[in-house]
Undergrad: 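Okay, handing you the structure first.
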Amino acid sequence: MNSVPNNDKPCVLLIEPMPSWTIDRARDEFDLIVLPHENQRPADFVENANRIRGIAMPGFAKVDAALMELMPNLEIAACFGVGFDGVDTSYAMANNIAVTNTPDVLTDCVADLGMALILAVLRKVVVGDRYVRSGRWVAEGFMELNDSPRGRRLGIVGLGRIGLELAKRAEAFGMTISYYNRSERGDLSYPYFPNAHALAEACDVLALTCPGGEATMKLVDGDVLAALGAKGYLINIARGSVVDEAALVKALSENTIAGAGLDVFADEPNAPEALFPFDHVVLQPHQASATVETRTAMGDLTIKNLTAHFAGQPLPNQVA
Ligand code: 8YV
């Protein structure tokens with residue numbers, strides 16, 4: 001149920017999904033209109049669009065110019081997520097709309113899932129689970145041997161906060177690290193490669209932790225996958241848009257790469273069905289930050305950015 005207009009509190013549009021307790025907290029702070037999906041235009045949204053001063057939305061929600069134009073008094077778009085590639089930041093900046101995100105609080109959980117995917121794919125954790133449940137262990141004996149992370153080379157595309165935490169975890173499992181960023185980091189001694197292709201050629205596991213958006217669109221294409229090679233694995237905890245999915249499906253079906261662990265897809269929730277039969281692929285429903293603890297912290301930070309704005313204070317996490 002959406003609230004009846006309360007002009008004492010700033011009117012905020014909240015786009016789902018978000019934890020119910022974050023929605024409850026937001027309702028305490030704001031005159032809240034809840035939109036089940038950014039494409040929907042229910043009556044309470046249409047009738048109150050002129051009053052909306054802020055939006056709270058998942059990082060992947062498409063908050064484009066067409067949506068923002070419907071809210072002429074919009075002042076701030078607060079992303080519930082570190083990625084803000086769903087927001088048209090050019091429109092926002094041109095119209096004096098601040099954009100914020102929720103960095104840091106999700107770094108550990110996202111890196112944890114990246115490491116979990118590396119282990120799951122190399123050590124065939126999901127295959128092993130199916131092997132036991134289907135009775136194949138009893139019928140056929142032990143399953144085939146799998147690959148150790150130890151001694152393998154991890155190449156990280158986008159060595160920011162999440163990439164660095166993934167690197168630390170991978171080092172604990174005996175992997176060596178190298179990376180590709182837009183520019184080399186002076187504060188780190190990991191070997192740097194000037195592009196994704198060169199990095200893919202020089203690693204066994206290519207992990208994507210870079211931002212989505214135009215700058216990284218299909219950065220991992222057929223050529224990069226060919227460079228990764230038949231013994232190479234791809235891990236994506238960034239955005240589906242970073243990978244040419246058709247090329248990835250082809251590489252996996254022709255075994256020109258060894259496997260993939262994917263938490264994100266180009267057209268979520270529609271992961272390519274062509275991947276479903278493959279044992280050398282582990283799929284997740286975009287859940288890297290989805291622990292109770294992290295999602296609570298993300299919700300709190302989203303609300304903090306909004307309340308700071310409405311109180312005229314500096315924004316904790318302004319990105320545009
Ligand atoms: C969330 C994310 O899935 O932070 C991001 O960029 O993709 C994730 O943490 C999403 O924003 C939550 O709605």
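Hydrogens, waters and symmetry mates are skipped; everything else that's a heavy atom, side chains included, is used. Order of listing sets the numbers, starting from 1, for every ligand and every atom in it.
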Undergrad: Applying a heavy-atom cut-off of 4.0 Å, say which part of Gln287 lies close to ligand 1: side chain, backbone, both or neither.
TA: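 None of Gln287 does.
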
Undergrad: Would you call the rings of His286 and Phe60 parallel, tilted or perpendicular if under 30° counts as parallel and over 60° as perpendicular?
TA: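 Because their plane-to-plane angle lies in the 30° to 60° range, the rings of His286 and Phe60 count as tilted.
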
Undergrad: Look at Asp147 together with Arg123 and state whether they make a salt bridge at an N to O cut-off of under 4.0 Å.
TA: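 No.
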
Undergrad: Return the residue, atom name and 0.1 Å-rounded distance of the protein heavy atom closest to atom 3 (O) of ligand 1.
TA: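 Nearest protein contact, heavy atoms only, for atom 3 (O) of ligand 1 is His286 NE2, 3.1 Å.
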
Undergrad: Around atom 9 (O) of ligand 1, find the nearest protein heavy atom and jot down its residue, atom name and distance.
TA: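 Minimum-distance protein heavy atom for atom 9 (O) of ligand 1 reads Ser289 OG, 2.7 Å.
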
Undergrad: Report the nearest protein non-hydrogen atom to atom 11 (O) of ligand 1: residue, atom name, distance rounded to 0.1 Å.
TA: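 Answer for atom 11 (O) of ligand 1: Phe80 O, 2.8 Å.
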
Undergrad: Where is the nearest protein heavy atom to atom 13 (O) of ligand 1: which residue, which atom, and how far?
TA: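 Checked against all protein heavy atoms, atom 13 (O) of ligand 1 sits closest to Pro58 CB, 3.2 Å.
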
Undergrad: Under 3.5 Å, side chain of Asn195 to main-chain N/O of Ala198, donor-acceptor pair present?
TA: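 Confirmed, Asn195 side chain pairs with Ala198 backbone.
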
Undergrad: At under 4.0 Å between heavy atoms, is it the side chain or the backbone of Met18 that contacts ligand 1, or both, or neither?
TA: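 Neither part.
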
Undergrad: Between Leu106 and ligand 1, find which residue part has any heavy-atom pair under 4.0 Å and reply side chain, backbone, both or neither.
TA: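 Side chain only.
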
Undergrad: So among Asp300, Leu315, Asn101, which one has a side chain to side chain contact (heavy atoms under 4.5 Å, CB included) with Asn305?
TA: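 Single side chain to side chain contact (heavy atoms under 4.5 Å, CB included) partner of Asn305 among Asp300, Leu315, Asn101: Leu315.
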
Undergrad: Is there a polar contact, in the sense of an N or O pair closer than 3.5 Å, between Val82 and ligand 1?
TA: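 Yes; at least one N/O pair falls below 3.5 Å.
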
